[in-house]
Amino acid sequence: MLKEKSPSIWRILHYQPIKEKNMLSAIKPHPKGTRARVLLSSVFGPYACDDAYGSRTINPMELYQNQVTRVQGGFSLRMFHRSFGLLMLQANIDAPCTVLDFATRDRFIQELRDQPYDIIGISAILPNIEKVKAMCRLIRRYQPRVVIVVGGHITNYSDLDQAVDADHIVQGEGVAWFRQFLGQPLDLPVKHPATISAFGTRIMGINLSDKPGDTAAILIPSVGCPVGCNFCSTSALFGGKGKFVNFYETGDELFEVMCRLEKTLKVNSFFVLDENFLLHRRRALRLLDLMKTHQKSWMLNVFSSARVLRSYTIEQLVGLGVGWIWMGIEGKDSQYTKLADVDTRQLVKHLQSHGIRVLGSSIIGLEDHKPENIDQIITHAVSHRTDFHQFMLYTPVPGTPLYEAHKKDGTLLNEDEFPPADAHGQYRFNYRHVNIKSGQEEDFLLQAFEQDFHENGPSLARLIRTLLIGWQRYKNNPDQRLRKRYAWEVHPLRSTYAGVVWAMKQYYRKTPSMFKKMDRLLSDIYREFGWKTRLLAPLIGFYAYLRLLKEERQLSKGWRYEPTTFYEKNSQAKAVHVRRNSHPQTQPKAIEVFMASPRPALKR
């Protein structure tokens with residue numbers, strides 16, 4: 001147990017904290033139960049900068065810009081994703097609960113000064129450990145009686161209880177833990193939050209609409225992954241290989257949640273945040289039956305391993321609405337069982353021929369990778385021609401079997417040599433690689449991104465091509481449910497996407513190979529959608545081209561993108577806030593939700 005650094009008298013007499021990892025039997029409920037006021041917070045920003053708190057310019061709070069479209073410049077897909085774990089917790093807490101997501105340090109301090117809390121929860125990944133330390137210090141300074149709870153991937157760090165001044169370190173699924181801590185029943189169904197999967201989407205310098213129906217809803221059926229790859233921190237977080245937690249066991253339960261999200265958010269697409277959604281076959285096929293019965297033309301964005309995908313027929317995948325798949329390719333001749341006996345290039349081609357967009361994920365730095373074969377390894381990855389491609393360094397994260405293997409071999413770098421803030425998979429190895437010298441890995445990683453971009457073109461163009469192929473295949477399908485889905489998916493190709501391709505063609509007019517590719521794609525779009533599209537494309541395209549050039553000028557000057565700050569209270573928290581501020585002289589200027597605009601930041 002972590003020794004208290006400066007315990008207050010109240011904490012000694014009234015609350016004895018415990019430092020154990022998610023052991024429900026060991027939890028002493030909070031004395032206030034569901035009357036306890038709860039704040040749940042992500043780590044403070046800014047994020048896309050180099051600072052003393054562990055932020056790094058090359059590790060922004062953007063999944064795609066960080067790990068997928070990193071070198072695509074103005075063509076990079078820019079977007080942010082909420083801290084979905086915090087929203088899931090808030091939806092299942094009966095106590096007054098406030099979520100503060102993507103705040104600045106000053107905004108976090110303001111909250112500590114303005115609003116009293118009994119419990120403050122912080123969710124983080126290990127590269128943000130310095131921010132968690134700082135937040136704990138701030139909490140002890142401004143609200144010393146608060147019980148601090150730390151969760152998220154950072155809890156895989158074995159010495160976290162010695163590193164941060166927290167009262168509870170909750171590893172794994174937090175809904176049951178918080179219910180027990182607040183004295184709530186543990187056998188209640190899990191309530192799903194109603195929220196979209198992304199915000200602040202921007203590409204080619206154009207901010208995309210956030211109006212209802214334009215962005216998929218987030219859907220979280222399960223957490224953890226039973227496949228248990230040796231590098232997977234998510235699998236480690238939820239118990240390792242063979243372990244997972246289902247929030248919704250059956251297709252009927254999941255269908256009910258999806259219908260509710262469809263009605264509340266006015267959506268017909270879902271981003272399924274589940275490491276291997278299709279692995280739960282009975283649930284998936286029951287969902288398919290219900291979608292057919294109720295004529296739901298939904299589209300699903302899913303994560304899946306190659307072998308699991310191959311266990312379904314293409315009719316089942318298309319019928320289930322699978323339109324986008326994040327699939328691990330890992331590396332040429334890799335030995336992961338999820339890839340055994342699967343021709344991943346052929347699989348990708350087959351999926352795309354049915355309009356299913358594929359994000360392939362490849363690793364740089366597997367055990368057999370070396371300077372002599374890295375060109376072949378990268379070429380193999382790029383030859384998949386996926387719509388998007390993630391490249392990550394082979395990184396041993398605390399808690400994973402890979403980390404334990406390096407620890408046993410004595411090849412891990414200590415934190416003085418390599419701080420956790422830099423172990424994010426887009427910079428250097430946090431260990432001594434047997435074949436690759438320190439510093440080479442960063443060059444190899446960039447080589448992979450650049451080769452993929454230069455050979456296959458902007459991911460947006462690839463996505464448009466796959467959408468067109470799917471439409472041409474299914475536009476006359478006898479199943480009206482399928483025709484309807486492909487029709488609404490392809491709708492942007494009639495106007496905005498046609499204009500985007502027109503702009504790309506202009507952009508690449510001095511690059512013959514890519515110019516021909518864009519010209520061919522634009523001609524195919526014109527041929528499919530006719531004269532209206534021919535008229536609209538140059539008008540939209542000229543605007544998009546000018547925006548693209550402006551975006552690239554901004555990027556060349558060091559422009560960066562920061563997320564919106566969200567401040568959200570559940571109904572119980574709103575009631576408490578109103579009661580505290582019922583006196584006219586102390587009414588706050590704004591309560592409930594604060595959503596600032598995304599914050600561009602120039603390089604300092």
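What's counted below: heavy atoms across the whole structure, side chains too, no hydrogens, waters or symmetry copies. Counting from 1, the numbers follow the sequence of the chain as shown.
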Item to check | Arg107 and Glu111 ion-paired at < 4.0 Å | outcome: yes

Next on the checklist: Could you check, using the six-membered ring where one of them is a Trp, whether Phe271 and Phe303 have ring centers closer than 6.0 angstrom?
Outcome noted: yes

Checklist entry - What pair of heavy atoms forms the shortest contact from Thr215 to Val267, and how long is it? => result O-CG1, 3.5 Å

Checklist entry - For Tyr117 and Thr98, what are the C-alpha separation, side-chain angles and deciding distance, and is it a side-chain contact (heavy atoms from CB on, under 4.5 Å)? => result CA-CA 10 Å; Tyr117 290 100; Thr98 299; 3.6 Å; yes

Item to check | Verdict with supporting geometry, Leu219 and Leu254, side-chain contact (heavy atoms from CB on, under 4.5 Å) | outcome: CA-CA 9 Å; Leu219 180 67; Leu254 202 55; 4.1 Å; yes

Item to check | Shortest non-hydrogen contact between Gln572 and Ile93, atoms and distance | outcome: NE2-O, 4.1 Å

Checklist entry - Are the charged groups of Asp422 and Arg428 less than 4.0 angstrom apart, N to O? => result no

Next on the checklist: Quick check for you: to the nearest 0.5 Å, what is the distance between Thr155 atom OG1 and His168 atom NE2?
Outcome noted: 14.5 Å

Item to check | Summary of side chain to side chain donor-acceptor pair (under 3.5 Å) pairs that have at least one residue in residues 219-240, sequence neighbours excluded | outcome: His153-Ser233, Ser222-Asn246, Ser222-Asp274, Ser222-Arg283, Asn230-Tyr336, Asn230-Tyr394

Checklist outcome for this item: Tightest non-hydrogen contact, residues Pro193 and Met88, listed as CD-SD, 3.7 Å

Next on the checklist: List the residues meeting side-chain hydrogen bond (donor to acceptor under 3.5 Å, both in side chains) with Thr411, not counting sequence neighbours, and say none if there are none.
Outcome noted: His406

Checklist entry - Taking the side chain as C-beta and beyond, is there a heavy-atom pair between Pro221 and Phe277 under 4.5 Å? => result yes

Checklist entry - Are any side-chain N or O atoms of Gln184 and backbone N or O atoms of Thr34, one a donor and one an acceptor, separated by less than 3.5 Å? => result no

Checklist entry - So, Asp161 side chain and Val164 main chain: donor-acceptor pair closer than 3.5 Å or not? => result no

Item to check | Approximate separation, where rounding is to 0.5 Å, of Gln390 CD and Leu359 CG | outcome: 6.5 Å

Next on the checklist: Side chains of Met392 and Gln426, heavy atoms from C-beta outward: is any pair under 4.5 Å?
Outcome noted: yes

Item to check | Any donor-acceptor pair under 3.5 Å from Gln90 side chain to Cys97 backbone | outcome: yes

Checklist entry - Hey, is NZ on Lys133 packed in by over 12 heavy atoms from elsewhere, all under 6.0 Å? => result yes

Checklist entry - So which heavy atom on Thr395 is nearest to which on Ala423, and how close? => result CG2-O, 4.3 Å

Checklist entry - Is there a donor-acceptor contact under 3.5 Å from the side chain of Thr400 to the main chain of Pro396? => result no

Item to check | Donor-acceptor under 3.5 Å (Tyr561 side chain, Gly200 main chain) | outcome: yes

Checklist entry - Can you tell if the side chain of Val99 reaches within under 4.5 Å of the side chain of Phe566, non-hydrogen atoms only? => result no

Checklist entry - With under 30° as parallel and over 60° as perpendicular, where do the rings of Tyr64 and His81 fit, or are they tilted in between? => result tilted

Checklist entry - Do the side chains of Leu138 and Ile109 get nearer than 4.5 Å, heavy atoms only? => result yes

Checklist entry - If we only count heavy atoms from C-beta on, is the Ile154 to Ile125 side-chain gap below 4.5 Å? => result no

Next on the checklist: Under the criterion side-chain contact (heavy atoms from CB on, under 4.5 Å), I'd like the reasoning laid out for Arg70 against Leu445: C-alpha separation, chi angles, the key distance, then a yes or no.
Outcome noted: CA-CA 11 Å; Arg70 177 177 166 181; Leu445 190 65; 3.7 Å; yes

Item to check | Among Val149, Leu182, Leu186, the one residue meeting side chain to side chain contact (heavy atoms under 4.5 Å, CB included) with Trp177 | outcome: Val149

Item to check | Electrostatic pair Arg82:Glu568 at N-O distance under 4.0 angstrom | outcome: yes

Checklist entry - How far apart are the closest heavy atoms of Pro46 and Glu562, and which atoms are they? => result CB-OE2, 3.5 Å

Checklist entry - If you measure from CG on Asp101 to OG on Ser41, what distance do you get to the nearest 0.5 Å? => result 7.5 Å

Checklist entry - Does Asp50 reach the main-chain N or O of Thr57 with its side chain, forming a donor-acceptor pair under 3.5 Å? => result yes

Next on the checklist: Classify the ring geometry of Tyr431 against His433: parallel below 30°, tilted from 30° to 60°, perpendicular beyond 60°.
Outcome noted: tilted

Item to check | Between CG on residue Leu237 and CG on residue Asn156, distance to nearest 0.5 Å | outcome: 5.0 Å

Item to check | Audit row: Asp214, Ser209, side-chain hydrogen bond (donor to acceptor under 3.5 Å, both in side chains) steps and yes/no | outcome: CA-CA 7 Å; Asp214 284 352; Ser209 169; 2.8 Å; yes

Item to check | ring pair (Phe, Tyr, Trp, His ring centres under 6.0 Å) involving Phe449 - partner list, sequence neighbours excluded | outcome: Phe391

Next on the checklist: Strictly below 4.0 Å, N to O, side chains only: are Arg145 and Asp167 in salt-bridge contact?
Outcome noted: no

Item to check | Any Tyr248 side-chain heavy atom under 4.5 Å of His192 side chain | outcome: yes

Next on the checklist: Run Ile139 and Ile122 through side-chain contact (heavy atoms from CB on, under 4.5 Å) and show every step you take.
Outcome noted: CA-CA 11 Å; Ile139 295 167; Ile122 303 169; 4.0 Å; yes

Checklist entry - Which distance, rounded to the nearest 0.5 Å, do you find between the CG of Asn59 and the SG of Cys49? => result 11.0 Å

Item to check | Glu417 side-chain N/O to Asn414 backbone N/O, donor-acceptor pair under 3.5 Å | outcome: yes

Checklist entry - Which pair of heavy atoms, one from Ser55 and one from Lys131, lies closest together, and at what distance? => result OG-NZ, 2.7 Å

Checklist entry - Distance-only, no hydrogens or angles: does the Glu441 side chain make a donor-acceptor pair with backbone N or O of Gly439 under 3.5 Å? => result yes

Next on the checklist: Any heavy-atom pair between the side chains of Leu393 and Tyr427 that's under 4.5 Å?
Outcome noted: no

Checklist entry - Less than 6.0 Å separating the ring centroids of Phe102 and Phe80? => result no

Next on the checklist: Can you tell me how far apart OG (Ser197) and CG (Asn301) are? Round to the nearest 0.5 Å.
Outcome noted: 7.0 Å

Checklist entry - Is there side-chain contact between Pro420 and Glu415, with heavy atoms separated by less than 4.5 Å? => result yes

